[in-house]
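Here is the structure we will look at, set down as structure tokens.
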Amino acid sequence: MSVHTIAAVLGGKTPLGQEITVQGWVRTRRDSKAGLSFVTLHDGSSFEPLQIIAPAELPNYQGEVLHLTAGCALRVTGELIASSGKGQTVELRAARIEVVGWVEDPETYPIAPKAHSFEYLRSVAHLRPRTNSIGAVARVRHCLAQAIHRFLHENGYFWVHTPIITASDCEGAGALFRVSTLDLVNPPRTPEGGIDFSQDFFGRETFLTVSGQLNVEAYCLALSKVYTFGPTFRAENSNTSRHLAEFWMIEPETAFADLYANADLAEALLKEIFRVVLSERADDMAFFAQRIDKTCIQRLEQVVNSPFERLDYSEAIGILERSVQSFAFPVRWGMDLQSEHERYLAEDYVKGPLVLINYPKEIKSFYMRLNDDGRTVAAMDVLVPGIGEIIGGSQREERLDLLDARLDESGMDKMAYNWYRDLRRYGSVPHAGFGLGFERTISYVTGMSNVRDVIPFPRTPRGADY
RNA sequence: UCCCCGGUAGCUCAGUCGGUAGAGCAAGUGACUGUUAAUCACUGGGUCCGUGGUUCGAGUCCGCGCCGGGGAGCCA
């Protein structure tokens, strides 16, 4: 028995006339009085299913084949033949169909061969990967992850596994989830009445990480080019199509690099992974273009072939001030850009991805490098139409005195950052990095408008099912 | 957390002025057919989110609660 994936069979790797075995799940069954049934079988290896011809002569035709419904699991052995129908070039004439797993009650099987809303599919997250859409997302997600690793690897970047559990209680990027083994009902108390975290598992307060950046900087100042790719956690009560409590992020960090090299890397990375997904997942991308977002292929091709616009924050303010567009939030230098402003810049002014750089220091994090003007920092955001911020990054402050000043201004405890400050004491060099939101990238690529539908099991406020 | 919108058959939805429940798809049965999310006919399928109220009468109107979606803020 030679088991083939449907991707291999449809990819022309199996000669006609050969006897093969495929395994998968039934999508639909159509019966013909000509003495055969058509069963479309899907195994997830490609977007397209394989059509199985089930002749009435099969010993289990009456007893089993005629009762197959969507979702049944099959192992089929037969001869690969040229199709005499339209819609496919090859099909499998079954000599043997083994029902590996039945659907016990077809009427209540949640994945009917029909259109379902994504909202509904979220409520059956364990079965939704069997749909065209979510299956395609899963393959595109994998393809993008591989492309990112490959691109960074080929450019000399080392993947560093930064910790998920962190002790720094103030990384400055949002609310944290506590990690604790203390008894919630009767926690140990300090003499002052507070909770005594010295008795907790790690002997101190710990949290899930909101970013691997601070840790990866340490490896950057030893291996020169590094990156993280892992899960990240934010305990914010964000209920939007662009936020998750658990999401994945890619954070490259480059030594001896400034903000402009950083922006160049971001642009090259995005272009390369878009190019790869267009070529390696053409089947799934064609589906997204047909059913989800007509422009998604064209959009990626355009991005791959044109340079990213670069815009200074101060220039952007000027553009917004001069624009005839009316904004709910008035525009003035020093303000943080609102969604409506970012959307105008990316969707109307540039009509494509743009890199915004050199923001006022007051609205950015303590670790971003102070520019010579004394009032802006070397920060950058990459904005894309439809999603908004897909990348946030900066050149890091490598000068200890200036870093300390920023820690003080931000009211942070310097002692808690001693190891981070050490990096500025021992062989400090200019370095820069950014965070790429993986789900937002998938969302942008596929046109799937909600990040909850591009991660297998989304975690959101009041949402940790499955 | 705030602002909108929604919750009716397995799914997607309609439901008029407050008068006692409908369609499409799915499922089952049959017809037809090398079919393509086939087509046609028939059949079964309902705690109208929960709760309290107004009313002779509530899916429909009002209060409260729960859940979901979109947008905002935060950010990736």
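Letters A, B, ... are given to chains in the order of the sequence lines, protein chains preceding strands, and every chain is numbered from 1. Scope of the values below: all heavy atoms of this structure, side chains included, with no hydrogens, waters or symmetry mates.
- Classified by interplanar angle (parallel below 30°, tilted 30° to 60°, perpendicular above 60°), the ring pair A:Tyr359/A:Tyr313 is tilted.
- Aromatic ring centres of A:Phe438 and A:Phe229: separated by under 6.0 Å.
- A:Arg242 has no side-chain polar atom (N or O) that falls below the 4.0 Å cut-off from OP1 or OP2 of B:rG70.
- As rounded to the nearest Å, B:rG7 and B:rC49 have P atoms that lie 8 Å from one another.
- B:rG22 and B:rG44 have their C1' atoms separated by 16 Å, with the value rounded to a whole Å.
- OP1 or OP2 of B:rU35 has not a single side-chain nitrogen or oxygen of A:Ser32 nearer than 4.0 Å.
- Residue A:Ser238 places none of its side-chain N or O atoms closer than 4.0 Å to OP1 or OP2 of B:rC74.
- Spacing between B:rG6 and B:rU43 at atom P, rounded to whole Å, works out to 35 Å.
- Across all strands, A:Ser339 comes closer than 4.0 Å only to sugar-phosphate atoms, never to a base (heavy-atom distances).
- Here A:Tyr444 and A:Phe274 bring their ring centres to under 6.0 angstrom of each other.
- The side chain of A:Arg462 contributes an N or O atom lying less than 4.0 Å from OP1 or OP2 of B:rG68.
- Partner assigned to B:rG22 is B:rC13, using Watson-Crick or G-U wobble distances below 3.5 angstrom.
- The ring of A:Phe247 lies on top of the base of B:rA76, close enough and flat enough: under 5.5 Å between centres, under 30° between planes.
- Aromatic ring centroids of A:Phe327 and A:Tyr344 lie under 6.0 Å apart.
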